[in-house]
Each structure stands twice: as C-alpha cells, then as structure tokens.
Number of protein chains: 4
Amino acid sequence: MSHDSTYTTENNEWRLTLVEGPPLRADAQRNRARILDAAEAVFAEFGTRASTEEVARRAGVAIGTVFRHFPSKDDLLAAIMKRLLAQLVEEAGRHDLFAFFTHTVAQAAAKKTAVDLLAGSGVDIRLPDALAHLEEAVGRLLEQAQAAGAVADSVRLPEVMALLASVCQGALHGGWNEQLQARTLAVIFSGLKCD
Amino acid sequence: MSHDSTYTTENNEWRLTLVEGPPLRADAQRNRARILDAAEAVFAEFGTRASTEEVARRAGVAIGTVFRHFPSKDDLLAAIMKRLLAQLVEEAGRHDLFAFFTHTVAQAAAKKTAVDLLAGSGVDIRLPDALAHLEEAVGRLLEQAQAAGAVADSVRLPEVMALLASVCQGALHGGWNEQLQARTLAVIFSGLKCD
Amino acid sequence: MSHDSTYTTENNEWRLTLVEGPPLRADAQRNRARILDAAEAVFAEFGTRASTEEVARRAGVAIGTVFRHFPSKDDLLAAIMKRLLAQLVEEAGRHDLFAFFTHTVAQAAAKKTAVDLLAGSGVDIRLPDALAHLEEAVGRLLEQAQAAGAVADSVRLPEVMALLASVCQGALHGGWNEQLQARTLAVIFSGLKCD
Amino acid sequence: MSHDSTYTTENNEWRLTLVEGPPLRADAQRNRARILDAAEAVFAEFGTRASTEEVARRAGVAIGTVFRHFPSKDDLLAAIMKRLLAQLVEEAGRHDLFAFFTHTVAQAAAKKTAVDLLAGSGVDIRLPDALAHLEEAVGRLLEQAQAAGAVADSVRLPEVMALLASVCQGALHGGWNEQLQARTLAVIFSGLKCD
DNA sequence: TATGAATGAGTATTCATTCAT
DNA sequence: TATGAATGAATACTCATTCAT
C-alpha cells in the first residue's frame with residue numbers, strides 16, 4: 001500500500017512519497033468501529049476505570065485518534081451504550097417477551113460495560129431517545145403477550161422494564177450459572193402470568 | 001467517671017479499678033465510627049471513585065487518621081459492606097420474607113455504596129462470612145414462609161437471594177418511586193406464591 | 001511480675017492492681033538500649049528509610065517512647081553511629097593495625113547502618129568527637145606498626161583512615177566473600193609495607 | 001527547515017522529502033536527555049530521596065513527561081547508572097590502569113548518584129550487562145599492566161574491581177582533597193606493584 | 001514516663017485531555 | 001486526519017512528629 005522510494009546522498013536520506021490526499025471517510029469509519037469494539041472489550045474486562053490509552057492500544061490506533069472520534073471518555077462510554085440499546089431493540093423484534101427476557105439476561109455478562117452504564121455507575125450518561133426506543137419495543141412485546149393471555153392484564157410496562165433491568169444486573173454481578181438464571185427467571189415469569 | 005478506690009498496706013498501695021477498656025480507645029472508636037459514616041455518605045453521593053481525602057474532610061479528621069483505621073481504601077469499603085450486611089441480618093430477624101424484601105429494597109438507595117459493592121463493582125472485596133450469615137437468615141425466612149404456605153415449595157434459596165440482589169440494584173439504579181417499587185415487588189411476590 | 005487480680009460483679013469487671021510507683025530510671029535505660037538495638041537491626045535490614053514505627057515495634061515499645069529517648073530520627077541514627085565508633089575505638093586497643101583492619105572490614109556488613117551513616121548517606125550527622133577518638137586510636141596503631149617496621153614511614157594517618165573507610169564501604173556494598181576480602185586487603189597491606 | 005519538493009504526474013502528486021527521523025522524536029530525545037541531566041544533578045545534590053517532582057522542575061518539564069520517559073523512579077535511577085557505566089567503559093579505552101583509577105576516583109564526587117547506586121543504596125537496580133562490560137574493560141587494562149610488569153602477576157581482576165569501587169566510595173563520601181586522594185591511591189598502586 | 005491516636009506535609013504514580021508535528 | 005509527546009490535576013498511601021490521656 002506504500003509507494004515510497006528512498007535515496008541517499010552524502011549526508012541525508014530522501015524519500016519519494018506518493019501523496020494520496022486526505023484519508024477516506026471509509027477509513028475513519030473503520031477506525032470508529034474498531035475503537036468502539038476495543039472499548040467494549042477493555043471496559044468489560046477491566047471496568048470503566050480502564051484507561052483510554054488501553055483502549056487505543058487494543059484498537060491499534062494512537063490515543064489522539066480515540067479523542068478525535070469521541071471527544072471525551074464519557075462520549076465513548078455513551079456510544080457503547082447506544083449501540084447496546086440499538087441491538088436490544090433489534091432483538092426485541094425477533095422474540096416474544098419471555099424469550100427476549102431470557103436472551104437479554106443471558107447476554108448481560110457479555111455486555112458488562114453497557115449494563116453497568118445503564119445502571120448509572122458514576123458516569124453521567126443520558127440517552128433518552130435510545131431508551132425510549134427500547135421501551136417502545138418492549139411495550140409491543142408486552143401487548144402481544146397480554147393479547148395471547150400469557151401475561152396478566154394487570155401488569156404494566158414500567159415494572160416489566162424494572163424487572164428486566166434488575167435481573168440483568170443481578171445476573172451480571174451475581175455470576176449466575178445457567179440453572180440459577182433459569183430458576184430466577186421462572187419465578188418472574190410465573191409472577192407475570194399469575195394475577 | 002472514675003470508680004477507683006485505694007488501699008494501703010505495709011509497703012504497697014492497692015487500687016481497685018473499674019476496667020473500662022484501654023484508655024483513649026473511646027476517642028478512637030468515635031473516630032472510627034465517624035469515618036465510616038462519612039465514607040458511607042461520600043461514596044453514596046459520588047460513587048466509590050470519591051477520594052479518601054473527601055471522606056476525611058467530611059469526617060473532620062486528617063487523612064492519616066482514615067488510613068490508621070482502614071489501611072487501604074478497600075478496607076474502608078469492606079467495612080462499610082460488613083456493616084450493611086450485619087444490619088440486614090439483624091433486620092431479617094424482625095420481618096417475614098415479604099416484609100424483609102420490601103424493607104430491604106426500600107433501603108437500597110440509602111445504602112447505595114454497600115449495594116454497589118455487594119454487586120462487585122470493580123473493587124475486590126470478599127466477605128464470605130458476612131454473606132453466609134445473611135444467606136442463613138434469609139433461608140430461615142424462606143422456610144417459615146413455605147411452612148405457612150405463603151411461598152411455593154419449589155422455590156429454593158439461591159433464586160430468592162438472586163431476586164433480592166437484583167431488585168435492590170434495580171431499585172437503586174433505576175430511581176424507582178414507591179409505586180413502581182410496589183408493582184415490581186408484586187410481580188415477584190406473585191411469582192413466589194404461584195407454582 | 002504482675003500483681004493484678006480481677007473480680008467480676010453484675011455489670012462490671014474490677015481489677016486489683018499493685019501500684020508500683022514511677023518506673024525506675026533503670027527501666028528507662030533498658031528501653032533506650034532496646035530501642036538502639038532494634039534500630040540497628042531494622043536499619044541494617046531495610047536501610048535508613050525504614051520507619052521509626054518499625055523500630056518501635058521491634059523494640060516492643062510505643063512510638064512515643066522512641067521519640068522521648070531520641071527526639072528525632074536523626075538523633076537515633078547518630079546514637080547508632082556513636083556506639084559503633086566507641087566499639088571501634090575499644091577494639092583498636094586490642095589489635096595491631098593489620099588485625100584491626102581485617103576485623104573492622106569483616107564486621108562492616110554487620111554494622112551496615114553505621115557504616116552507611118559514616119559515609120554520610122543523606123542524613124546530616126556530625127560526630128566530630130567520636131571520630132577524633134577513633135582517629136587517635138588508629139594513629140596509635142599506625143605508630144606502633146611503623147616502629148615495628150611493618151609499615152613504611154612515608155605513610156600518614158589520613159590515608160590510613162581513608163583506606164579503612166573505603167574498604168569498609170567496599171566490603172559492605174560489594175558483598176565480598178572471605179577470599180575476596182583477604183585478597184583485597186592483601187593488596188592494601190602490601191602497599192602499606194612497600195615504599 | 002523543510003526540504004520538500006513536489007512533482008505532479010497524470011493522477012498523482014509526488015513529494016520529495018528529507019527524512020529527519022520520526023517527527024517530534026527529536027523533541028522527545030531532547031527531553032529525555034534533559035531529564036537525565038536534571039536527575040543526575042538533583043540526585044547528586046539531595047540523594048536518591050529527592051523527589052521526582054524536583055527532577056521535573058529542574059528539567060523544565062511536567063511531571064508526566066518524566067514518567068513517560070522513565071515509568072518508575074527506579075527506571076530513572078537505572079538509566080543514570082547505565083550512562084555512567086558506559087562512560088567508564090569508554091574512558092577505560094583511553095587510559096592505562098593507574099590513570100584510569102586516578103581519573104575515575106577524581107570523578108567519583110561528580111557522579112555521586114551513580115556511585116551510590118553502584119554501591120546498592122537501597123534501590124533495586126541490576127545492570128549486569130553494563131557491569132560486565134566495565135569488568136571486561138578493566139580486565140584488559142590489568143592484562144596490559146601485568147604484561148608491562150607494572151602490576152604483580154599475583155593480582156587478579158576481582159580485587160582490582162573491589163579496590164576501585166571501594167576507593168570511589170571512599171573519595172565520594174570522605175570528601176577527599178587532591179592530596180589525600182593522591183596519597184591514598186599511592187598506597188594502593190604500591191600494593192599492586194609489590195608482590 | 002509510656003502509650004498510641006492524630007496530624008498533615010510529602011511522594012510516586014496515573015490518566016483524561018491538549019496540541020505540535 | 002492520525003500520531004504520540006506533553007501536560008498537570010488528582011489520588012492513594014507513608015511517615016516523622018506531636019500531644020492528650
């Protein structure tokens with residue numbers, strides 16, 4: 001990809017370089033994605049106290065590049081959360097309420113950082129739009145479940161969201177195994193069905 | 001405040017003393033408590049990232065005093081947790097399972113730091129004994145509830161603990177109002193009762 | 001050595017103590033010596049950066065007692081040195097020049113702290129009197145050696161002191177084994193004899 | 001200061017650049033050197049207990065810059081030592097054994113920190129390679145001196161190194177004047193020559 | 001006189017952020 | 001636009017010294 005040639009004279013070394021013009025938008029986009037992936041991995045592994053420098057290292061870019069794409073560390077964390085919420089919305093479209101619960105809880109550990117951030121761990125991040133989208137999606141699942149008689153009519157969206165958030169955090173921090181997760185969700189599902 | 005009497009024999013003087021524990025220990029104990037209280041408040045307000053200096057300032061002692069009582073920041077955090085767990089155990093003795101759930105969740109926000117630490121937020125704190133005591137206490141409540149027919153026999157202790165931890169975190173981070181808390185717990189209680 | 005008896009009543013514990021009057025001067029002297037010994041051991045093991053607290057611990061006294069006997073850490077260090085110098089003067093009286101050299105160098109490692117302090121490692125300690133005494137003693141050994149024809153007449157006291165100090169430090173920090181020590185001293189002894 | 005020329009062909013633009021090494025690397029190297037110089041001066045003046053802040057201040061950089069170049073204080077101290085050892089090896093190439101001794105001892109005071117570190121003053125620094133190079137260089141000087149009959153054949157390298165180290169420390173800490181230094185070395189040189 | 005709790009200045013080190021190249 | 005060197009405020013922790021008991 002390099003078009004350089006090198007010439008040496010008495011005292012100096014000269015290099016002939018093909019100047020390719022400004023890096024393409026595509027490169028920048030790729031960098032942005034690599035940084036986000038690296039950040040998700042690093043923060044999941046070491047917590048949000050991990051250094052931005054470590055994120056840059058894992059992403060294979062210089063620290064300045066991280067700050068060009070995300071002007072502050074909080075911006076970077078917010079971006080991770082936004083991506084998680086978008087994924088959840090998308091997944092809500094492919095599941096019924098119970099399956100969505102199960103799937104989401106199972107993924108909680110993998111999405112450690114985002115779940116923590118959702119929980120508001122110190123970092124000041126507000127993503128009302130993204131959260132509203134998720135709430136809408138879950139609302140639809142709840143309506144469907146109630147229409148099918150699988151959930152009691154007395155149940156409302158706020159407590160479903162509250163339960164979802166709670167169990168995600170519980171699973172994440174409690175280090176639940178599959179069995180414990182199943183038994184815990186069973187209690188909640190049973191509660192949603194009974195009056 | 002002194003309860004000493006003095007007796008003199010041939011060569012010696014004898015003194016009858018009320019043993020109140022080592023001297024100055026009283027002051028030190030007061031400082032220890034003040035530091036713990038200050039730390040609980042500071043960490044609840046700013047998260048565990050808050051500085052030890054801030055804790056000292058709020059406790060009205062010099063920084064060295066904090067470190068004399070708690071040789072590392074983690075020791076301080078562990079002490080906060082231990083105190084919370086002891087309180088919970090004690091409260092478990094005064095409630096039935098449902099009341100304990102409700103009471104504990106309602107207090108979650110007030111005990112922000114401790115709940116976060118229980119959740120394992122980055123800080124490496126292990127209090128297996130204190131946790132085991134709590135589990136025992138909740139186990140007794142569960143047995144009583146099942147004996148009274150208030151909870152299905154299929155329910156086991158691990159999921160009860162998991163639900164308790166989950167809902168505490170949910171309540172804490174979600175900023176639930178009383179109504180939302182009641183409705184969310186209602187679902188869980190209903191799930192514990194139904195098969 | 002304790003003359004206490006303990007009685008317990010309903011709520012309180014009572015102790016009957018033999019009050020022995022103010023601690024004897026002898027106790028204080030014993031403490032002073034214990035502190036010096038502890039300090040020598042601690043500073044030899046960890047260097048003069050070791051904490052005064054550690055010295056107190058090893059001496060089995062409280063930190064305040066150390067500072068009562070030695071108002072500052074430098075005073076403590078100076079006392080160690082003074083003791084070493086007095087020992088050296090005393091040993092000079094029992095050896096000829098070569099034996100004194102050998103003996104002193106062999107002990108250098110054991111007296112690590114004092115040797116370091118003599119070398120002036122950062123700490124500001126001046127003990128002109130004690131040093132003068134040592135110089136006098138070594139001067140006498142030199143005169144005897146020269147009178148016996150064992151050392152060249154051209155040799156003067158300052159370089160003998162300089163060589164002694166140098167080799168002590170060399171031995172101390174170089175971790176010499178016995179053989180290396182012997183061979184190194186042999187060169188110096190040979191230099192003192194030859195013209 | 002730029003030596004670029006630009007050429008344009010059909011689709012591309014070519015630029016002929018004088019390669020001066022990686023950008024900013026020049027500044028960084030200058031800073032590294034300034035920090036090392038400052039550290040040598042500061043530690044020589046106040047001992048290795050002097051603060052890294054003081055080094056930064058004297059070097060005219062921010063504290064973070066010192067730690068970017070030398071991740072720990074020990075790394076900084078080790079770098080100073082390495083530089084001294086390299087200088088000594090180089091100087092060994094320009095002197096005979098006696099001149100090297102004299103020169104090195106005369107410089108001891110100027111290189112206070114390094115000499116102290118060589119002596120192992122508390123700081124944990126190991127530079128086996130650099131030390132081995134110096135030993136090799138001194139070994140060559142010894143061979144030459146013995147071949148020329150200026151040093152007795154019975155003398156071996158270890159005691160020569162031991163004497164060098166000892167006298168450096170002696171000179172450093174004893175605050176020898178030129179005359180004392182000459183007289184002390186005279187004894188040693190005489191010892192090396194005689195059997 | 002001994003104790004040991006309290007003080008508080010000082011130290012090494014980290015890390016988000018800026019900016020010259 | 002990317003790089004990575006520089007910045008400097010912040011932080012956990014240490015330790016000589018003081019002083020109330």
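Residue numbering restarts at 1 for every chain, and letters A, B, ... go by the order of the sequence lines.
Rounded to an integer number of Å, the gap from CD1 of B/Ile63 to P of F/dC15 is 15 Å. One can place CG of A/Leu77 at 12 Å from C1' of E/dA16, the figure rounded to the nearest angstrom. What separates CG of A/Asp74 from C1' of E/dC15 is a distance of 14 Å, to the nearest Å. The distance between atom CZ of B/Arg30 and atom P of E/dA6, rounded to the nearest whole Å, is 10 Å. Per the geometry, CD belonging to D/Glu54 stands 17 Å off P belonging to F/dG8, to the nearest Å. Between the P atom of E/dT11 and the CD atom of B/Glu53 lies a distance of 15 Å, rounded to the nearest Å. Straight-line distance from the CZ atom of C/Arg57 to the C1' atom of F/dT14: 12 Å, rounded to whole Å. The nearest whole Å value for the distance from the CG atom in A/Leu76 to the P atom in E/dC15 is 15 Å.
D/Ser51 comes within contact range of the sugar-phosphate backbone alone, with a heavy-atom separation under 4.0 Å but no base atom that close. Using a 4.0 Å heavy-atom distance criterion, D/Thr52 is classed as a sugar-phosphate-only contact. Residue C/Ala50 is in sugar-phosphate contact alone, with no base atom involved, counting any heavy-atom pair closer than 4.0 Å across all strands shown.
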Next on the checklist: Can you give me the dot-bracket string for DNA chain F, 5' to 3', counting Watson-Crick and G-U wobble pairs with both distances under 3.5 Å, using [ ] for crossing pairs and | for partners on another strand?
Outcome noted: .||||||||||||||||||||
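Contact between the side-chain N/O atoms of C/Asn31 and the OP1/OP2 oxygens of E/dT1 is not found at any separation under 4.0 Å. OP1 or OP2 of F/dT3 has at least one side-chain nitrogen or oxygen of A/Thr65 nearer than 4.0 Å.
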Checklist entry - Are B/Phe43 and B/Leu76 close enough, and set up right, to give a side-chain contact (heavy atoms from CB on, under 4.5 Å), and what steps lead you there? => result CA-CA 11 Å; B/Phe43 292 140; B/Leu76 179 53; 4.0 Å; yes
Next on the checklist: Under the criterion side-chain contact (heavy atoms from CB on, under 4.5 Å), I'd like the reasoning laid out for B/Thr52 against B/Phe67: C-alpha separation, chi angles, the key distance, then a yes or no.
Outcome noted: CA-CA 9 Å; B/Thr52 317; B/Phe67 279 92; 3.6 Å; yes
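Considering every non-hydrogen atom in both C/Ala39 and C/Ile80, the closest pair reads CB-CD1, 3.8 Å. The heavy-atom pair separating D/Val55 from D/Ile35 by the smallest distance is CG1-O, 4.0 Å.
Nearest nucleotide to the B/Phe67 side chain, out of F/dT17, F/dC13, E/dT13: F/dC13. Ranking F/dT14, F/dA9, F/dG4 by closeness to the A/Ala62 side chain, first place goes to F/dG4. Considering only the side chain of C/His69, E/dA2 comes nearest among E/dA2, E/dA6, E/dA12. For D/Ala28, the side-chain atoms get nearest to F/dA6 when compared with the rest of E/dA5, F/dA6, E/dA2. Side-chain proximity of B/Lys73 to the nucleotides E/dA12, F/dA12, F/dG8 is greatest for F/dA12. Here E/dA6 is the nucleotide among E/dA6, E/dT3, F/dC13 with the atom lying nearest to any side-chain atom of B/Arg68.
Sequence order on DNA chain F of the closest nucleotides to D/Gly64 and A/Gly64 puts A/Gly64 first from the 5' end.
Listed for the B/Asp75 side chain is a donor-acceptor partner under 3.5 Å among the backbone atoms of B/Ser72.
With a 4.5 Å cut-off on side-chain heavy atoms, D/Thr48 and C/Arg49 count as touching. Using a 4.5 Å heavy-atom cutoff, the side chains of A/Phe70 and A/Leu36 are in contact.
In summary, of the residues considered (C/Arg58, C/Arg32, C/Arg83), a side chain to side chain donor-acceptor pair (under 3.5 Å) with C/Asp37 occurs for C/Arg83 alone.
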